[in-house]
Number of protein chains: 2
Amino acid sequence: MSQPQIDSSNADRRSQILEAALVCFAKRGFHQTSMHDISGEAGISVGLIYRYFENKEAVISAMADRHKEEIQQMLERARQAPSLLESLEILFTAHCCENEPRLISAFVVDLYAEASRNPHVADLTRDVLETAMAGVRDLIARAPEGQNTGSNLTPDDVAELIFAVARGMLMLDVLRPHEMTAAERRMRQLEVTRRLWRLLFKPEGELTYA
Amino acid sequence: MSQPQIDSSNADRRSQILEAALVCFAKRGFHQTSMHDISGEAGISVGLIYRYFENKEAVISAMADRHKEEIQQMLERARQAPSLLESLEILFTAHCCENEPRLISAFVVDLYAEASRNPHVADLTRDVLETAMAGVRDLIARAPEGQNTGSNLTPDDVAELIFAVARGMLMLDVLRPHEMTAAERRMRQLEVTRRLWRLLFKPEGELTYA
DNA sequence: GGAAGATGAATGAACGTTCATTCATTGTCA
DNA sequence: TGACAATGAATGAACGTTCATTCATCTTCC
């Protein structure tokens, strides 16, 4: 409506605001974060936010959009990994940022909480999830390791399980003590990833009966 | 402090309020729910809530406590199931209540979101999780099916995977369309449960090499 | 009568949002 | 080039609203 066009000059300001919003949202949650919090974190005035976003709701939506793009970039990196295991490792540790551990986990859990009552956010989140799952399904179908899965699971079933575990571990991440470093979180994630991988794709030449 | 003793007469009122709070919290989230919303849902006055809870924070904490008790009851039911698979099925479908589907899922996702920034809620949630995981670990150790797991996973590893999948599926539940019934949600959960079970415990006499 | 239960109008702080105003930058014309 | 006009990004005080919390008042029951 009254928002300016999203050209390159505006894009900077927008992402500056979104960056600040991410920090605030992760720290306090969507609805406990005030517009003043965001403006303070971004080092700008409150009013300026309204030049780039129609209202607070629009900031939340834009964050969901941004999350979608980040997931797609993550998926691209996973696609280029040399092995299926390494793809999964990228998928499972994408949220363990060196600086700011827990930040993304907290944001994503909040995003799902928001999705449970905001249909627009729910649509966006579902869309992100389905795109990502399709990507992983493809990855499995293409990879040589992906062929001989234990049990008779379809690539769909396998992708669903993988994403359930990934989401579940992300949820666990917000419960972990604040003192835990990104490296430690990462290591925990990797352990689970490798266990799941062995379970799903049994690489050591083991063969299931039939 | 100024709260009355929690004797049997007060307990009724308290759970009436908590019941109403669960509905409101699931519908709008902790921080978008006003005390007036809760009093309206419970059919009592605002002021009365403050006779039974010190403040809004205390209502949230009490909800977390209640959740702990419900998880423990669920675990007790799981313990009495005749097979390990059936125990897992109880564990994975506990949130699919006949009336009010999504209600518990939305609450739990919100609980984790709250835990990410409220240390008291985080401690409570961690405690619930650890108790429940210990229970399932025991269940696995006792069950005959639990002995021959695929791969060389410890009961600890298996329990961690099971809970990750359960949490992840619960998170997915809030993304499902509102139109989906409790029975449909339940069926989806059961499919995933059985797939995971087959993967973990391979019941059909199949044996992994070595 | 009085103790405990229950009410809901009142309070004040905090919030999202608006908008009159400032001012550095850019464009215009001699 | 220099004087002046126009722009619109940026500010932050102010507004109307909502909310958690309080408390004077009323009801109930022994």
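The sequence lines fix the lettering, A, B, ..., with proteins before strands; numbering per chain opens at 1. FYI, side chains are in, hydrogens and waters are out, and symmetry mates aren't considered; it's all heavy atoms of this structure.
Regarding I17(B), its CD1 atom lies at a distance of 13 Å from the C1' atom of dT7(C), rounded to whole Å. Nucleotide dT17(C) holds its P atom 9 Å from the CD atom of E54(A), rounded to whole Å. For the pair Q32(A) CD and dC19(D) P, the computed distance is 14 Å after rounding to whole Å. dG12(D) atom P lies 10 Å from atom NE2 of H36(A), rounded to whole Å. Between the P atom of dT22(D) and the CZ atom of F53(B) lies a distance of 16 Å, rounded to the nearest Å. Separating the NE2 atom of H31(A) from the C1' atom of dT18(D) is a distance of 15 Å, rounded to the nearest angstrom. Put simply, CZ on F30(A) is 17 Å from P on dC15(C), counting in whole angstrom units. Straight-line distance from the CD atom of Q16(A) to the P atom of dA9(D): 14 Å, rounded to whole Å.
Checked against dG16(C), dA20(D), dA6(C), the side chain of L48(B) finds its nearest nucleotide in dA6(C). Residue K56(B) has its side chain nearest to dT21(D) when only dG12(D), dT21(D), dG16(C) are considered. Proximity note for Y50(B) (side chain, C-beta onward) versus dA9(D), dT22(D), dC15(C): the nearest is dT22(D). Each of dT17(C), dT21(D), dA6(C) was ranked by its minimum atom distance to the side chain of Y52(B); first place goes to dA6(C). Side-chain atoms of R51(A) lie closest to dA10(D) of the nucleotides dT21(D), dG16(C), dA10(D). For S45(B), the side-chain atoms get nearest to dT7(C) when compared with the rest of dT21(D), dA10(D), dT7(C).
Of the residues D157(B), T154(B), D156(B), the one that meets the side chain to side chain donor-acceptor pair (under 3.5 Å) test with R137(B) is D156(B). Of the options E41(A), Q32(A), R102(A), a side-chain contact (heavy atoms from CB on, under 4.5 Å) to K27(A) is made by E41(A) and by none of the others.
Using a 4.0 Å heavy-atom cutoff across all strands shown, T33(A) reaches sugar-phosphate atoms only and no base atom.
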Item checked: Worked verdict on Q189(A) versus R186(A) for side chain to side chain donor-acceptor pair (under 3.5 Å) -> CA-CA 5 Å; Q189(A) 292 289 112; R186(A) 200 184 147 78; over 6 Å; no
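For A159(B) against I140(B), the heavy-atom pair with the smallest separation is N-CD1, 4.3 Å.
Enclosure of atom CZ in R188(A) is not indicated, since only 12 or fewer non-hydrogen atoms of other residues, nucleotides or ligands lie within 6.0 angstrom.
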